[in-house]
There are 2 protein chains.
Amino acid sequence: MDKFKVIETPNIEETTEILRNGLKNKAVLIITACCRVAYEGRAKSTLESGDRVIIIKPDGSFLVHKGEKRNPVNWQPPGCKVRFRTENELLVIKSLRSKPKEILEVEISKTHVIMYFILNDDNELNLTGSEVEMSNYIFYENPEIIEKGFQPIAQEKPISNGIIDILGEDKNGNLVVLELKRGRATLDAVSQLKRYTDNLSKENKELRGILVAPSITKSAFKLLESYGLEFREVHPPRKLKMDKIDDRNFSFN
Amino acid sequence: MDKFKVIETPNIEETTEILRNGLKNKAVLIITACCRVAYEGRAKSTLESGDRVIIIKPDGSFLVHKGEKRNPVNWQPPGCKVRFRTENELLVIKSLRSKPKEILEVEISKTHVIMYFILNDDNELNLTGSEVEMSNYIFYENPEIIEKGFQPIAQEKPISNGIIDILGEDKNGNLVVLELKRGRATLDAVSQLKRYTDNLSKENKELRGILVAPSITKSAFKLLESYGLEFREVHPPRKLKMDKIDDRNFSFN
DNA sequence: CAGTCAATCTCGCTC
DNA sequence: GAGCGAGGTTGACTG
């Protein structure tokens, strides 16, 4: 089995052969074609004829990309099943999802290029600057970045209303709820914090809520103040050292 | 200029030639290659060597896909600029974003296939079953699906706290705030509605808030009740007629 | 499974 | 450009 195979302007037999082999051998299939697309499931959509890029991954992910935007115009998430058939000179590819029941149908009138590609990829993304890193930093490394005397008690603490990012005590022994955001905090974040403090304030009279983020929108800050809640500016940490691309362990296949 | 061009196992000159021509002619570029990826911007990430599918769209969108998942492992949104250079036998492609300042760098050690493809696509997605359709249906066509005597006043009404989906009056002349969700309503939706009713209740003593959705989670419903708010089951309408999907063989193992 | 929430969310719209 | 909220959100994680 070749690592990849490409056919330009294939006929319908060549196309189905690549499709079959690609699916069987857990390859990524890439098709550039003129097609129509129909979707029905949680919502419903049609997309009339045009050139698009179609990608079918071995995990069942199915993408239909237009020539713009980051997101696919239609898609199916991992776990879906692929079926295809030919109808005269049309190739119809379906992707089926069971729960929720969803179907994506791509009707290809002209295939420009079809290829499969067997990926060899052992490495996973290493990302820093997320909210969970921010949370760990505050909880384990530097609680007093919140304020002098702040002592964390619990992280990701479930209450009936949701999950509190960090629960702690201030230097006076008052309960403090922290809601963290890795980016600029919005009205949503304020509502979220209010939901948690409302819940806990039934049993704790002296309760503080602090929204912890690198910045906050003006209206969110006003709402926060009107609720008697606080804001603390904290930036998500960057644990990854990456001043330059490191080319050790560089492997050629 | 050809509509598309494909080269298998290109050398570095052929690769850069395709890249240059593809970018110049507003084609979609598709590269299957062994590469390393580094990102820095709002967050920071590295991804060590492995086979991936790289897509560069003429609007500046940049995708790096692994062989799994619906979403790219690394990406750049529309509007970014592409730069590339060769370094010994390496091809380094960068995608630059100015605000926020972000950079994505892909270092290709082995290109399996590179192609460009000039898309001819005049059609846009036609989607039904969204929240805005639900809103229009309630506002213009059938307000009494909420309850007998409900009269809508405003749609997408901005207040200091956010934007109310639908504002109306019940048969007794009480102000009613509707918050719509096209899918199952969660705690977030309840908080959102509460935020709006809190705001308006300063001036209106008789104020009702109704969460309108096809369903609601148990805890969201409890929270809703504790706030004295209401739930009304409404499903998003489907305006699109689409008999085109053929769901023969819509079977799952 | 359902629920909850983050995301380099993206995307569209409004001010 | 900032802010706000929807999305066929997806994805990860927990009970």
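Residue numbers start from 1 in every chain, and the chains themselves are labelled A, B, ... in the order their sequence lines are given, proteins ahead of strands. Every value quoted in this text rests on a predicted model; they were computed, and no experiment measured them.
With sequence neighbours left out, B:Arg97 forms a salt bridge (charged side-chain N to carboxylate O under 4.0 Å, His left out) with B:Glu102. Listed by chain and number, the residues in a ring pair (Phe, Tyr, Trp, His ring centres under 6.0 Å) with A:Phe62 amount to none (sequence neighbours excluded). Residues passing the salt bridge (charged side-chain N to carboxylate O under 4.0 Å, His left out) test with A:Arg182, sequence neighbours excluded: none.
Counting non-hydrogen atoms under 4.0 angstrom, A:Phe62 reaches nothing in the nucleic acid. In this structure, A:Gly162 reaches the sugar-phosphate backbone alone: every heavy-atom distance under 4.0 Å involves primed, P, OP1 or OP2 atoms, never a base. Backbone-only contact: A:Gln192 has heavy atoms under 4.0 Å from sugar-phosphate atoms and none from a base. Using a 4.0 Å heavy-atom cutoff across all strands shown, A:Tyr196 reaches sugar-phosphate atoms only and no base atom. Using a 4.0 Å heavy-atom distance criterion, A:Glu68 is classed as making no nucleic acid contact. Residue A:Thr217 is classed as a sugar-phosphate contact, given heavy-atom separations below 4.0 Å to backbone atoms only.
When rounded to the nearest whole Å, the span between CZ of A:Arg195 and C1' of C:dG3 equals 12 Å. Atom CD1 of A:Ile164 and atom C1' of D:dT14 are 16 Å apart (whole Å). At whole-Å resolution of the value, CD in A:Glu156 and C1' in C:dG3 are 14 Å apart. Following rounding to the nearest Å, A:Ile163 (CD1) and C:dG3 (P) show an atom-to-atom distance of 13 Å. At whole-Å resolution of the value, NZ in B:Lys57 and C1' in C:dT10 are 12 Å apart. Atom CG of A:Leu178 is separated from atom P of C:dA6 by 13 Å (rounded to the nearest Å). Computed from coordinates, the A:Phe221 CZ to D:dG3 P distance equals 14 Å when rounded to whole Å. Taking atom CE of residue A:Met134 and atom P of nucleotide C:dC5, one finds them 17 Å apart after rounding to whole Å.
Each of B:Ser61 and A:Glu179 was matched to the nucleotide of DNA chain C holding its nearest heavy atom; the match closer to the 5' end belongs to A:Glu179. Along DNA chain D, the nucleotide nearest to B:Asp165 and the one nearest to A:Lys218 differ in position, and the one closer to the 5' end is contacted by A:Lys218.
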What side-chain donor-acceptor pairs closer than 3.5 Å can you find for residues 210-218 of chain A, not counting sequence neighbours?
unit_1   : atom_1 : unit_2   : atom_2 : d
A:Ser215 : OG     : A:Arg184 : NE     : 3.1
A:Thr217 : OG1    : A:Ala220 : N      : 3.3

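In this structure the side chain of A:Ile138 never reaches within 4.5 angstrom of the side chain of A:Pro152, judged on heavy atoms. Looking only at side-chain heavy atoms (C-beta outward), B:Val234 and B:Leu180 stay at 4.5 Å or farther from each other. Taking 4.5 Å as the limit, some side-chain heavy atom of B:Asp121 sits within range of a side-chain heavy atom of B:Asn123. Side chains of A:Pro72 and A:Val64 form no contact here, defined as non-hydrogen atoms less than 4.5 Å apart.
For DNA chain D, no neighbouring residue in residues 223-235 of chain B is found when judged by any heavy atom under 4.0 Å.
Counting heavy atoms of neighbouring residues, nucleotides and ligands inside a 6.0 Å radius, atom CZ of B:Phe221 does not exceed 12 of them.
A donor-acceptor contact closer than 3.5 angstrom is absent between the side chains of B:Glu48 and A:Asn126.
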Listing time: all N or O pairs from protein to nucleotides 7-11 of chain D that are below 3.5 Å?
unit_1 : atom_1 : unit_2   : atom_2 : d
D:dG7  : OP1    : B:Glu131 : N      : 2.7
D:dG8  : O6     : A:Asn74  : ND2    : 2.9
D:dG8  : O6     : A:Trp75  : N      : 2.8
D:dG8  : O6     : A:Trp75  : O      : 3.1
D:dG8  : N1     : A:Trp75  : O      : 2.4
D:dG8  : N2     : A:Trp75  : O      : 3.4
D:dG8  : N2     : A:Gln76  : OE1    : 2.6
D:dG8  : N2     : A:Glu102 : OE1    : 3.1
D:dG8  : N3     : A:Tyr39  : OH     : 3.3
D:dG8  : N3     : A:Arg42  : NH2    : 3.0
D:dT9  : OP1    : A:Arg42  : NH1    : 3.4
D:dT9  : OP2    : B:Arg182 : NH1    : 2.7
D:dT10 : OP1    : A:Arg42  : NH2    : 3.2
D:dT10 : OP1    : A:Trp75  : NE1    : 2.9
D:dT10 : OP2    : A:Arg42  : NH1    : 3.1
D:dT10 : O3'    : B:Asn71  : ND2    : 3.3
D:dG11 : OP1    : B:Arg70  : N      : 2.9
D:dG11 : OP1    : B:Asn71  : N      : 3.2

